[in-house]
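Please read the structure below before turning to the comments.
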Protein chains: 2
Amino acid sequence: MVTPADDAVFRPVRTGNPFEETVERLLQAIKLGVVRPGDRLPAERDLATRLNVSRVTLREAIHALTEAGFVESRRGRYGGTFVNAQLPKPRRTPAKRIARELGDGLDDALILRDALETGAAEAAAVRALTSAEEDHLRKCLADTAAAKLTDYRRFDSRLHLAIAEVTGSASLTSATADVRMRLNELLDAIPLLERNIEHSNDQHAAIVDAILAGDPERARQAMKEHLSGTATLLRAFLV
Amino acid sequence: MVTPADDAVFRPVRTGNPFEETVERLLQAIKLGVVRPGDRLPAERDLATRLNVSRVTLREAIHALTEAGFVESRRGRYGGTFVNAQLPKPRRTPAKRIARELGDGLDDALILRDALETGAAEAAAVRALTSAEEDHLRKCLADTAAAKLTDYRRFDSRLHLAIAEVTGSASLTSATADVRMRLNELLDAIPLLERNIEHSNDQHAAIVDAILAGDPERARQAMKEHLSGTATLLRAFLV
DNA sequence: AGTCAATGGATCGTTGGTAGACCATTGGAG
DNA sequence: CTCCAATGGTCTACCAACGATCCATTGACT
């Protein structure tokens, strides 16, 4: 008998070449708001080491992002590679096309995200946070609430990532970042409404509040409701 | 400010070379019980394609596993690479040494597993399962309950993987398999008691029962309790 | 004004992995 | 008994990625 587990365990050991994956990773940093417009990326030598990629490959990736308008490099001491103040607008690929390409991938990603993010909210609430972590959460929440429409997705992602961070699990954080990237591509195909944002902000506040209060069950439930909102939105648009 | 998100997003794009990762993947298939003793692996050409590695690399990996006593290859039509009836005993690395090596990694993995597996249990219960899926779950449960002490970990893993499978999310299944591998290494350092197994079997039954009954909250709760058992066990032994 | 440390930019030899073709073996089908 | 399809086993040419080294630029500090 052939079970789906076969597919899980015999899936590709690597997707794409180092160059492509490096580009993806840098885009992740930018699009999830980990580095913000004006920020400097780590120096090439450092970054290459951290990404475990040769400097040549990293530079090729940076070059690609430069051409695409995401970053710019400056030479000399106090130089570096900087995220552009004006980021390129995401191409609004027709939702249907994306939906077709993703196919089962949509449910796949939504189910995984649900597990990761509700799990993260709960775990974050269980944990005793340092005051630095609490401040970080509050700051991300405030930034998101104050974000302009065009920046909203970035700050929103950053907040969700922050919640994963404060669980203290690096793996959980990475996984959350990855699945979020997959979903953001879809979300970019959907118009963002001011009304949705307000609702979203309220939910964010409720989630963070529950986490800071150390109430796992409430945090979990608040996150669950929040996620189900976007899930419904996505499913509705991508049919 | 440097946040942990930096580490998450600037983590290595690839860990190890294709050879090492291929070995890991094949070991995963064997140790998580996806392929069982006596089973034949897919033909080299097929498997290489699925893993997205060259046949040469795959063969090197298989060779390594042959030397380690996990598999054996036979030529000719109706030949292939077969999992040995007698698997090598896991080396009982002293718990302390493993704990030291893992360090934070233990909590990292436990938190991630919690999110993934409780999420999986819930998602599985929400979903309308096909009768084939239900049978698969029941079979894995029965196999585990009937497993000998030396095989227990494999069947246990297989059951947990089966629960992830029936969520329908391939990504969730892969992630579960990966984190399980990390934890199994630790579990191998801990003596397995008959008493623990009985308790474990009861909990497994409760989880599967809740899933088949379509009761997400109960499934989730049952899984949570089950996991907290092994988590406590691990934390206790690895101090 | 000069220095220099830190940064991006460029080049080259080495190597691990790949793709593809071909060989060797086996056992069921005709 | 012969054939042959499917499998593991081997070889070779090629290339992407790496590691290492050196160059070019910049601007804060002395």
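Computed from a prediction, not measured in an experiment: that's the story for all the values here. Naming convention: chains lettered A, B, ... in sequence-line order (proteins, then strands); numbering from 1 in each chain.
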Could you check whether B/Asp156 pairs with B/Arg153 (Lys NZ or Arg NE/NH1/NH2 to Asp/Glu carboxylate O, under 4.0 Å)?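 Here B/Asp156 does not pair with B/Arg153 in a salt bridge, since their nearest N and O are not under 4.0 Å apart.
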Indicate yes or no: does B/Arg158 engage B/Glu165 in a salt bridge with an N to O separation below 4.0 Å.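 Looking at B/Arg158 and B/Glu165, the cut-off is met.
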From [options], pick the nucleotide closest to the side chain of [X]?
{"X": "A/Val56", "options": "C/dG17, C/dT11, C/dG8", "answer": "C/dT11"}
{"X": "B/Arg75", "options": "C/dT26, C/dG20, C/dA5", "answer": "C/dT26"}
{"X": "A/Glu44", "options": "D/dC18, C/dG9, D/dG8", "answer": "C/dG9"}
{"X": "A/Arg77", "options": "C/dA6, D/dC11, D/dG9", "answer": "C/dA6"}
{"X": "A/Arg59", "options": "D/dG27, C/dG9, D/dA17", "answer": "C/dG9"}

Do the side-chain N and O atoms of A/Thr230 and A/Arg113 include a donor-acceptor pair separated by under 3.5 angstrom?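 A donor-acceptor contact under 3.5 Å links the two side chains.
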5'-most by nearest nucleotide on DNA chain D - A/Arg55 or A/Asn17: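 With A/Arg55 and A/Asn17 compared, the 5'-side residue is A/Asn17.
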Classify A/Arg40 by what it touches in the nucleic acid, base, sugar-phosphate, or nothing, heavy-atom distance under 4.0 Å.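 The residue A/Arg40 makes sugar-phosphate contact but no base contact.
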Whole Å only: how far is the [atom1] atom of [X] from the [atom2] atom of [N]?
{"X": "A/Phe82", "N": "C/dT7", "atom1": "CZ", "atom2": "P", "answer": "10 Å"}
{"X": "B/Leu47", "N": "D/dT7", "atom1": "CG", "atom2": "P", "answer": "12 Å"}
{"X": "A/Leu51", "N": "D/dA17", "atom1": "CG", "atom2": "P", "answer": "14 Å"}

Tell me whether the side-chain N or O atoms of B/Arg74 pair up with the base of C/dG27 as donor and acceptor below 3.5 Å, since no angle test is needed here.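 No such pair is found, so the answer is no.
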For D/dT7, take OP1 and OP2 only and decide whether either is under 4.0 Å from a side-chain N or O of B/Ser73.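 Answer is no, no contact under 4.0 Å.
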Going through the checks in order, is the salt bridge (Lys or Arg N to Asp or Glu O under 4.0 Å) test met by B/Lys139 and B/Asp143? CA-CA 6 Å; B/Lys139 179 161 189 317; B/Asp143 284 348; 2.9 Å; yes
DNA chain C: A/Arg14 or A/Tyr78, which has the more 5' nearest nucleotide?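 By nearest-heavy-atom nucleotide position, the 5'-most residue is A/Tyr78.
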